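Input: a single structure, listed below in structure tokens.
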Amino acid sequence: MSETPRPDTIDRRELSAEQQAAVEELLFRLADDEFVHAERLTEWQIYAPTLESDLAIANIAQDEFGHARLWYDLLKQLGYTEPECIWERDPTEWTHSLLVERPFDAGDWGDAVLRGYLYDVAERIRLEAVADTSYAPLADRVGKALEEEAYHREHATNWLERLTADDDGQARMQDALDDLFPAALSLFDPGPREDDIVAFGFRTESLAAMRTEWLETIGPSLEALGLAVPDPDEVAQSNGRGRYGTHTDAWHDLYDEVTATYREVDFETPVELRATEE
Amino acid sequence: MTMPTNTPTESEACTFTEFSDGDPSSEYPKTGSEADGIEAEVWKALYEVEDPEMPVSIVDLGLIYDVDIEDGRCGVAMTLTYTGCPAREMLLNDVKCAAETVPEVDEATVELRYTPAWNVNMVTEDGKDSLRDFGLSV
């Protein structure tokens with residue numbers, strides 16, 4: 001009953017062990033970034049500066065959780081359970097970028113806006129880079145996620161314009177940019193199976209090409225708002241942290257919070273309210 | 001600093017919600033109108049499942065992408081209006097249970113599919129009437 005896949009696509013049952021390891025790394029990168037980014041955004045849901053922005057940030061977080069679910073579902077098809085993907089997974093095995101785990105300083109709405117912008121541009125680029133993936137189950141889901149992303153970027157740029165509208169605002173946003181930029185670069189850090197991900201066609205662009213496209217997109221936009229984008233070659237490098245599971249203390253604190261209810265409730269059976277897994 | 005939160009920008013993000021993007025294949029929406037036998041009975045049962053937010057059948061909403069019957073086993077392919085839909089588990093279960101109300105169906109499985117991406121053009125004319133009665137502009 002499935003539609004005919006492209007002849008050069010790889011279906012789940014055809015994966016070699018090497019291919020499966022590579023596609024798992026790709027999916028965990030995607031899913032973990034979305035999940036942790038959404039968790040941080042939810043911290044703003046009652047603190048954003050207007051009612052409209054409370055609603056918008058909550059809605060964006062919901063979309064990102066929805067996207068995390070898309071990618072974790074594909075991992076479930078490969079044999080993982082939801083607790084193995086999230087609730088019982090060792091925090092040192094998470095492969096999200098350093099950008100999304102950073103805590104917010106109290107009241108720093110500019111951080112939330114700028115972080116969303118840097119992240120959402122990167123997300124568009126990497127979803128486009130898997131639009132023609134060779135992995136058939138992933139290909140089915142990318143278009144829908146991409147459609148839902150346009151509004152996130154519009155929201156972020158709309159707020160960026162407001163927050164850089166005067167000198168004081170510009171100075172604050174420059175501080176936020178200087179602060180976030182090195183962590184944002186970690187979005188493009190390779191993991192151990194990066195070469196395989198590209199060689200098997202799971203992603204059709206290299207991380208280096210995606211990083212270049214990201215810099216060429218955010219650079220002119222931020223400079224047009226009066227901000228100076230740091231030279232990527234001169235900021236402190238992250239040495240592959242994040243993508244290899246090494247994280248800042250802030251992540252370990254967040255992980256404890258995120259999984260606290262799961263641990264306290266002590267489910268004897270996995271969390272399934274009404275349905276069985278697909 | 002006073003934050004100019006209400007300053008109009010060039011963005012049109014808040015002027016309207018754009019649901020009309022997309023050009024679904026002519027195969028959609030699928031309503032089972034050409035189905036017969038057990039398959040037709042399953043479509044009839046699926047028509048009884050309503051969207052949790054709006055009084056409209058999920059078939060008229062265009063969410064059902066395929067129904068397949070083989071030896072008492074029924075496979076339903078469906079989509080969701082958006083990926084973050086919090087009613088996903090409920091809908092999947094409702095669809096499974098609805099399909100299993102057909103006596104000849106021993107077991108139903110439901111598969112989520114996101115291509116083609118759902119959009120409002122995939123709502124049937126009956127569905128659009130229901131949405132208009134509910135107060136939506138479609």
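Chain naming here is simple, since letters A, B, ... match the order of the sequence lines and numbering starts at 1 in each. Note that the structure is a prediction, hence the values are computed from the model and not measured.
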Is a side-chain N or O of [X] found less than 3.5 angstrom from the main chain of [Y], in a donor-acceptor match?
{"X": "D140(A)", "Y": "R113(B)", "result": "no"}
{"X": "E148(A)", "Y": "T83(B)", "result": "yes"}
{"X": "K144(A)", "Y": "P116(B)", "result": "no"}

TODO: For R141(A) and Y114(B), work out which heavy atoms get closest and say how close.
DONE: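 Minimum heavy-atom separation between R141(A) and Y114(B): CG-CD1, 3.8 Å.
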
- [ ] For residues R69(A) and L80(B), report the shortest heavy-atom separation together with the two atoms involved.
- [x]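 For R69(A) versus L80(B), the nearest heavy atoms are NH2-CD1, 4.4 Å.
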
Taking everything shown except [X] itself, do over 12 heavy atoms lie less than 6.0 Å from its [atom1]?
{"X": "K44(B)", "atom1": "NZ", "result": "no"}
{"X": "E14(A)", "atom1": "CD", "result": "yes"}
{"X": "R132(B)", "atom1": "CZ", "result": "yes"}

Task: Point-to-point distance, once rounded to the nearest 0.5 Å, from CG of D73(A) to CZ of R88(B) - done: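 So the CG of D73(A) and the CZ of R88(B) are separated by 4.5 Å.
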
- [ ] Could you tell me the separation between the NE2 atom of H67(A) and the OH atom of Y82(B), rounded to the nearest 0.5 Å?
- [x]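 If I round to the nearest 0.5 Å, the distance is 11.5 Å.
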
Task: Atom group of Q62(A) that falls short of 4.5 Å from chain B, counting heavy atoms - done: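 Both parts, backbone and side chain.
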
